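Just so we're on the same page: letters track the sequence lines, and every chain starts at 1. Computed from a predicted structure; not experimentally measured.
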Amino acid sequence: MANSSHAAKQDHKAEAAPHKAAVLELKKLCFFYGTQQSLFDVNLTFHRGQVTALMGPSGCGKSTLIRSINRIYELYPNQRAAGEVLFHGANVLEPGIDVNDLRLKIGMVFQKPTPFPMTIFENVAFGLKRHYKMTPAEIEERVEWALTKSALWSEVKDKLHKAGTALSGGQQQRLCIARTVALKPEVLLLDEPTSALDPLSTVKIEELVRELRQDFTIILVSHNVNQARRISDETVFMEAGRVVEVRKTSELFGSPKDQRTKIFIESF
Amino acid sequence: MDATTFKRPPTEDAIIGTSLPSSAVVESSPAVTLKRGASLPDKLFIGGSRILGAALIALLFGIMAVLVFESWPSLKEFGFGFITSSEWDPVEEHFGAFPAIVGTLVSSVIALIVAVPVSFGIAVFVNEIVPPRVGVVIARLIELMAGIPSIIYGMWGLLVFAPFMAAHVQPVVIEAFDGVPILGTLFGPPPIGIGMMTAGLILSFMVLPLITAVMRDVFSAVPTVVREAAYGLGATRWEVVRLVLVPYTKVGLIGGVILGFGRALGETMAVTFVIGNAHELYASLFMPGTSISATIANEFSEATGEMYSSALMELGLILFAITVVVLVISRLLMGGMRKKG
């Protein structure tokens with residue numbers, strides 16, 4: 001772990017970078033499922049303190065894109081990424097990078113709530129105990145901080161030692177966000193975090209994402225145009241594995257330059 | 001057999017529920033007449049499956065009744081003493097099943113102690129670590145182990161494994177634990193190869209494929225997103241297995257272990273070959289012993305006289321009871337956990 005995380009550790013010096021600095025940069029990112037290519041030379045930059053929404057029709061590669069950033073695709077033997085994903089200048093796709101360390105710094109929340117079969121407290125403390133040398137008191141403090149950040153604390157503070165699976169769907173998803181936020185990652189990857197939730201829970205998660213923007217670099221995959229419009233600072237429109245248009249959200253929705261973007265937005 | 005696993009045929013209510021209630025017939029349009037009740041093929045199917053289901057339950061109770069009937073003389077003669085007595089004397093017609101019952105349990109427990117960790121390791125390796133294509137090959141090979149007839153395991157155990165144990169394993173173990181309290185007794189001399197330990201080890205080879213298969217099944221049932229979420233939090237493979245997969249599949253894993261236990265309890269042929277068939281209890285696991293099924297298999301053909309065969313029947317009844325109790329306990333355990341989890 002010590003030698004392989006070396007590259008990632010170096011980048012931490014660059015953390016003091018100014019506001020809105022580029023945290024992640026994708027250069028000529030290509031992705032393959034077996035022999036089928038699903039991303040074609042994607043170039044993108046993600047900035048600190050911003051929510052960037054990835055939007056596009058199903059199968060356009062938006063989920064694939066964020067799955068290459070934390071290398072979660074590597075769980076499957078026939079998936080492969082090529083090109084560069086620069087995290088503070090270091091390419092995370094290089095062999096020898098410690099993926100466990102990488103995933104602490106680039107956290108991910110999935111489409112469906114995925115509470116682990118343990119208590120609410122243990123769910124949030126999941127990564128803490130093992131990756132950081134924290135005392136029980138520090139862990140408790142961090143759990144409360146993460147749950148507060150995720151707008152869940154007031155609802156669960158009296159039942160921290162009940163099963164996480166007993167919460168409602170929306171609460172479970174906020175628990176998953178808390179679990180990721182607790183590790184204090186730099187980047188939050190949100191893969192359609194509200195697609196399995198009811199409208200009320202969706203609103204809560206969206207508010208939460210806007211709150212969290214101050215502390216994290218957030219990349220949000222959404223196939224819901226209105227959601228992208230509501231909560232993102234910058235929007236990327238993708239189609240068939242290629243980036244069509246990247247602009248400030250207000251500009252992109254106000255006057256889309258590309259005809260394909262326009263059609264997609266208007267179809268909603 | 002476990003009565004609770006039988007699928008019950010649908011109840012009367014369910015059948016009626018599938019047809020439309022009479023109030024649903026629209027009165028204003030007389031041209032439309034809705035048929036009532038299930039169609040003929042469906043009726044035949046439901047009736048047929050009901051008969052088959054009932055037949056299985058009847059069979060189960062039939063076996064139980066026959067066992068009780070046949071072992072009645074022995075039950076009457078020895079009473080509860082049959083279970084606690086260690087005397088097995090066909091000539092004097094005095095029978096006690098204690099060594100056989102203990103032998104059955106001890107050999108099965110040894111089998112589990114060895115097979116459970118190994119199966120768990122294999123299941124994790126095949127499902128979580130190697131690429132699926134390689135994993136499937138390994139899994140199929142292990143499943144092949146389950147297809148080997150138990151007599152082959154018995155012969156291999158007697159002719160190959162037991163001499164190997166006697167020559168290379170037991171002397172070393174006896175030497176190592178010599179003088180150590182408890183362990184020195186459990187693994188005491190002589191190194192004769194056949195015995196309780198060897199029987200347990202052979203049994204472990206036999207239940208290993210079953211336990212591995214169940215564990216693989218329950219691991220595959222864990223949703224991909226849950227796995228990804230754990231990896232996404234920077235968890236290592238071992239952490240994902242220990243902290244997420246195992247708690248997630250606790251119930252199924254225990255089910256697999258108990259299934260293996262049930263299999264080991266009843267296994268006859270291989271055990272008969274290597275257990276040594278001694279109606280005595282020894283402190284050392286390297287000494288010969290016997291099990292319920294081994295005793296029945298060995299002595300049934302020579303059981304002359306009503307009392308002798310009746311005693312063997314009662315052994316069968318006890319094995320039946322132990323198996324049922326084990327399965328019921330497992331059901332209760334798993335039921336309780338499912339509610340909690």
Side-chain angles (χ1 to χ4, degrees), chain A residues 1 5 8 63 66-67 69-78 98-119 122-132 162-166 172-173 175-177 179-183 185 188-191 196, chain B residues 120 123-140 215-256 333-341:
Chain A
M1 178 139 175
S5 65
S63 283
I66 67 166
R67 289 169 68 86
I69 295 174
N70 70 348
R71 287 176 61 172
I72 197 84
Y73 67 86
E74 282 184 342
L75 296 175
Y76 309 95
N78 60 341
D98 180 349
V99 292
N100 301 114
D101 187 57
L102 172 74
R103 289 167 192 165
L104 291 179
K105 298 186 169 93
I106 303 183
M108 190 167 195
V109 176
F110 297 84
Q111 295 184 13
K112 280 185 197 155
T114 52
F116 299 142
M118 44 183 95
T119 67
E122 286 169 336
N123 259 286
V124 182
F126 183 79
L128 296 174
K129 277 182 206 160
R130 293 162 298 107
H131 294 293
Y132 303 108
K162 295 252 167 71
T165 43
Q172 285 185 9
Q173 191 63 311
L175 179 67
C176 294
I177 293 176
R179 193 171 63 189
T180 309
V181 162
L183 299 168
L188 268 182
L189 307 173
L190 308 176
D191 189 357
Chain B
F120 181 78
V124 167
F125 181 70
V126 165
N127 269 37
E128 305 296 324
I129 295 178
V130 296
R133 232 177 281 168
V134 183
V136 164
V137 174
I138 299 171
R140 291 285 167 276
M215 286 185 171
R216 281 191 58 226
D217 276 354
V218 298
F219 283 154
S220 334
V222 174
T224 325
V225 276
V226 172
R227 232 185 233 107
E228 287 186 358
Y231 284 114
L233 291 169
T236 61
R237 283 179 195 271
W238 171 235
E239 286 163 352
V240 172
V241 169
R242 185 167 55 96
L243 300 167
V244 179
L245 289 191
V246 170
Y248 212 97
T249 56
K250 207 165 38 187
V251 173
L253 292 178
I254 289 175
L333 262 178
M334 288 159 72
M337 268 191 217
R338 203 166 279 149
K339 262 177 227 150
K340 261 193 243 157

Step-by-step side-chain contact (heavy atoms from CB on, under 4.5 Å) determination, F126(A) to V244(B): CA-CA 10 Å; F126(A) 183 79; V244(B) 179; 3.9 Å; yes
Those residues of residues 126-137 of chain B, ordered by number, that approach chain A below 4.5 Å (heavy atom to heavy atom):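 Within residues 126-137 of chain B, the residues that come under 4.5 Å of chain A (heavy atoms only) are P131(B), P132(B).
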When M118(A), K112(A), R179(A), M108(A) are compared by non-hydrogen pairs under 4.5 Å with chain B, the top option: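 Heavy-atom pairs under 4.5 Å are most numerous for R179(A).
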Please report the shortest heavy-atom distance between [X] and [Y], naming the atom on each side.
{"X": "L233(B)", "Y": "L104(A)", "result": "O-CD2, 3.4 Å"}
{"X": "V226(B)", "Y": "T114(A)", "result": "N-CG2, 3.9 Å"}
{"X": "F110(A)", "Y": "E228(B)", "result": "CE2-OE1, 3.2 Å"}

Per-residue contact mode, R67(A) against chain B (heavy atom under 4.5 angstrom):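 For R67(A), the contact with chain B is made by the side chain alone.
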Residues L75(A), R227(B); criterion side-chain contact (heavy atoms from CB on, under 4.5 Å); working and verdict: CA-CA 9 Å; L75(A) 296 175; R227(B) 232 185 233 107; 5.6 Å; no
